[in-house]
Amino acid sequence: MRFFNTMTRRLEEFREIEKGKIGLYTCGPTVYDFPHIGNYRSYVFEDLVKRFFTFSGYRVRHVMNITDIDDKTIRKANELGLPLAEVTQKFIDAFHSDLGILNILPADVYPRATAHIPEMLDLVSVLLEKGFAYEKDGSVYFSIERFGDYGRLANIDRDKLQLGAAIDSDEYEKESIQDFVLWKGKKPGEPSWPAPFGAGRPGWHIECSAMSMKYLGAHFDIHMGGVDNIFPHHENEIAQSECANGQTFVNYWLHCQHLVVDNKKMSKSLGNFYTLADLRQRGVDPMALRYLLISTHYRKLLNFTFANLEMAGQALNRIKNFVFSLKNVENAGEAAPEIAVLIASNRNDFTENMADDFNISGALGILFDFIHEINQKMSELSKKDAAAVLTYLEGLDTVLGVLRDNDSGPLAAAVEEKIAQREKARKNKDFARADAIRSELMDLGIMLLDTPTGVKWKKE
RNA sequence: GGCGGCGUAGCCAAGUGGUAAGGCAGCGCUCUGCAAAAGCGCUAUUCAUCGGUUCAAAUCCGGUCGCCGCCUCCA
């Protein structure tokens, strides 16, 4: 198993700290609005990685933070004239609901920033004691010149940091303009917590250091996020954590490239900004979206277009149709050894591709090769063979997570009844009536398939 | 200015020294009362471009063109 470590900018063989176990921290949402599909590219990729590790036999402990206190959440609460907690809860609920819709497995812990103020204060105190931080006008800042490795993750030369205009608008006083805030002194109209160095609220980066430390320890295996987090967020986390703990913070950094829409950065002003709810309103199948989001390698820009989403849906249909065919195999007979061999060899190839920097395109290619090979033998397949293939596919889908079954049981009886009526009409050559029934079911999203072994149906 | 990425068929996309995976779309066929769906088959002498290294290059080196990201809001 190897993948690209942002820290070393190289493909590295993965070595876990504790045998068979992985501590994984992924940057979660800032809950001031509904997440957009760009956010979900990251979350879905993280899910894919986690699922593949689990598939490979690791026990993954996954922590994802929820940022429920920062400039944006405060602004939103003020805009709406509602308490901060009420506003953030609404978006937290929406977030969890979206995760379910996209078949993203839940993290083990979703720590919230506001529930970890004491841990953050402790960390800030340690940084002050050790001389890596300083107080100024009620705020506490991290002094980056005290940390020699600063800029290593982002490959940034500290002296060459080009400072943007945004800095000047910051009203806080810092010794060096590049220093970042650990604790923001209280301001009117903002929530605050008491602290030894004066009431205030946490800076953005400190929560991830404090909470990852609490739930995964001072040194853990993998930290993930979007590429935009590399600098300054993750760089600052490293500075805080390593200075406080005096040891390596994280062994492997995995960053997901952004998603663009029609080759342009998503933005509300361009009208190319989509939430999951937006897409569902347009009738988009969440599993097609998931397929699209995982099917481009994580270090490449993903261009979201409705045409690409359509293609993803069709590719997914190919897999689903394959499953459908397998479920309808009825031949008696023993399991053929050649099928078992095909499965074993395909599983090996699929795993090899995924283990090579999560080469999903290669892995999916391997899966489609397999589908093709089995399809060619479909008519000779025994029920036992089909069952073995289905079990194999279920295993792969614990990694891909795109084959969620949405057959609804109560529907079945009614559909069967309609099919029987249509078959009767067909026998009597009353094709007008037969077609009317077919069309009626089609309107309900039920597709009929007249096969040599009888009529099959599936929900579109 | 600094750091980094990308350019492979109509579209999406693997492959990073040994002679172009896979998906979508298209075309042909099978099946069918007809459809639809599905399956099968076909579809890049060629990898932005120019030059170099090599027995061998999409893959390595250099130049050129084009596109894009990050540089303290950001997944």
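Computed from a predicted structure; not experimentally measured. Throughout, protein chains are lettered first and strands after them, A, B, ... in sequence-line order, and every chain is numbered starting at 1.
The residue A:R9 sits apart from the nucleic acid: no heavy atom pair falls under 4.0 Å. Residue A:Q376 is in sugar-phosphate contact alone, with no base atom involved, counting any heavy-atom pair closer than 4.0 Å across all strands shown. Looking at heavy-atom distances under 4.0 Å, A:H233 makes no contact with the nucleic acid at all. Residue A:G225 is in sugar-phosphate contact alone, with no base atom involved, counting any heavy-atom pair closer than 4.0 Å across all strands shown. Using a 4.0 Å heavy-atom distance criterion, A:L367 is classed as making no nucleic acid contact. Nucleic acid contact class of A:L259 (heavy atoms, under 4.0 Å, all strands): base. At the heavy-atom level, A:R422 lies under 4.0 Å from base atoms of the strands shown.
Side-chain N/O atoms of A:N359 include one lying less than 4.0 angstrom from OP1 or OP2 on B:rG15. For B:rA75, the OP1/OP2 oxygens have no side-chain nitrogen or oxygen of A:N229 closer than 4.0 Å. For A:Q257 and B:rG5, the shortest distance from a side-chain N or O to OP1 or OP2 is not below 4.0 Å. Phosphate proximity of B:rA75 to A:R41: absent, as no side-chain N or O sits under 4.0 Å from OP1 or OP2. Phosphate proximity of B:rG4 to A:N155: present, with a side-chain N or O under 4.0 Å from OP1 or OP2. The side chain of A:K429 contributes no N or O atom lying less than 4.0 Å from OP1 or OP2 of B:rC34.
Remark: the separation of the P atoms in B:rC27 and B:rA36 is 12 Å, to the nearest Å. Rounded to a whole angstrom, the distance from the C1' atom of B:rU49 to that of B:rC67 is 15 Å.
For A:R438 against B:rA35, a side-chain N or O and a base N or O form a donor-acceptor pair under 3.5 Å. Side-chain atoms of A:D450 come within donor-acceptor range of the base of B:rA35, with a qualifying N/O pair under 3.5 Å.
Separating the CG atom of A:N346 from the P atom of B:rA21 is a distance of 17 Å, rounded to the nearest angstrom. Per the geometry, OH belonging to A:Y32 stands 10 Å off C1' belonging to B:rA75, to the nearest Å. Protein atom CZ of A:R299 is 16 Å distant from nucleotide atom C1' of B:rC70, rounded to whole Å. Look at CD1 on A:I360: it is 14 Å from P on B:rA13, rounded to the nearest Å. Per the geometry, OH belonging to A:Y40 stands 16 Å off C1' belonging to B:rC74, to the nearest Å. In this entry the distance linking OH of A:Y291 with P of B:rG23 reads 9 Å, nearest Å. The distance from atom NZ of A:K300 to atom P of B:rG5 is 13 Å, rounded to the nearest whole Å.
Between the side chain of A:D68 and the backbone N or O of A:T88, no donor-acceptor pair lies under 3.5 Å. Using modelled atom types, one side-chain atom of A:N103 and one backbone atom of A:G401 make a donor-acceptor pair closer than 3.5 Å. Side-chain atoms of A:D108 never come within 3.5 Å of backbone atoms of A:V63 as a donor-acceptor pair (strictly under, hydrogens ignored). Listed for the A:E235 side chain is no donor-acceptor partner under 3.5 Å among the backbone atoms of A:I230.
Aromatic ring pairs are classed by plane angle as parallel below 30°, tilted from 30° to 60° and perpendicular above 60°; the pair A:F132 and A:F142 is parallel. Using cut-offs of 30° and 60° on the angle between ring planes, the pair A:H223 and A:W253 is parallel.
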(request) Go ahead and write out RNA chain B as dot-bracket, 5' to 3': ( ) for pairs within the strand, [ ] for ones crossing earlier pairs, | when the partner sits on another strand, dots for unpaired; Watson-Crick or G-U wobble, both distances under 3.5 Å. (result) ((((((((.[[[..)..(...]]].(((((.......))))).....[[[[[..)....]]]]])))))))....

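Residue A:Q257 comes nearest to A:R41 through the heavy atom pair O-NH1, 3.0 Å, listed as atom of the first residue, atom of the second, then distance.
Comparing A:S42 and A:D435 by the nucleotide of RNA chain B whose heavy atom lies nearest to each, the residue mapping closer to the 5' end is A:D435. Summary of the strand contacts: A:A363 and A:H372 both lie near RNA chain B, and taking for each the nucleotide with the nearest heavy atom, the more 5' one is attributed to A:A363.
When distances are taken from the side chain of A:D369 to each of B:rC74, B:rA21, B:rC24, the shortest belongs to B:rA21.
A:N236 and A:Y150 form a side-chain donor-acceptor contact under 3.5 Å, judged by distance and modelled atom types alone.
With its ring centre under 5.5 Å from that of the base six-membered ring and a plane angle below 30°, A:H258 counts as stacked on B:rA75. Applying the 5.5 angstrom centroid cut-off and the 30 degree plane-angle cut-off, the aromatic ring of A:F431 is stacked upon the base of B:rG33.
Here the CG-CG distance, from A:N359 to A:L364, works out to 9.0 Å after rounding to the nearest 0.5 Å.
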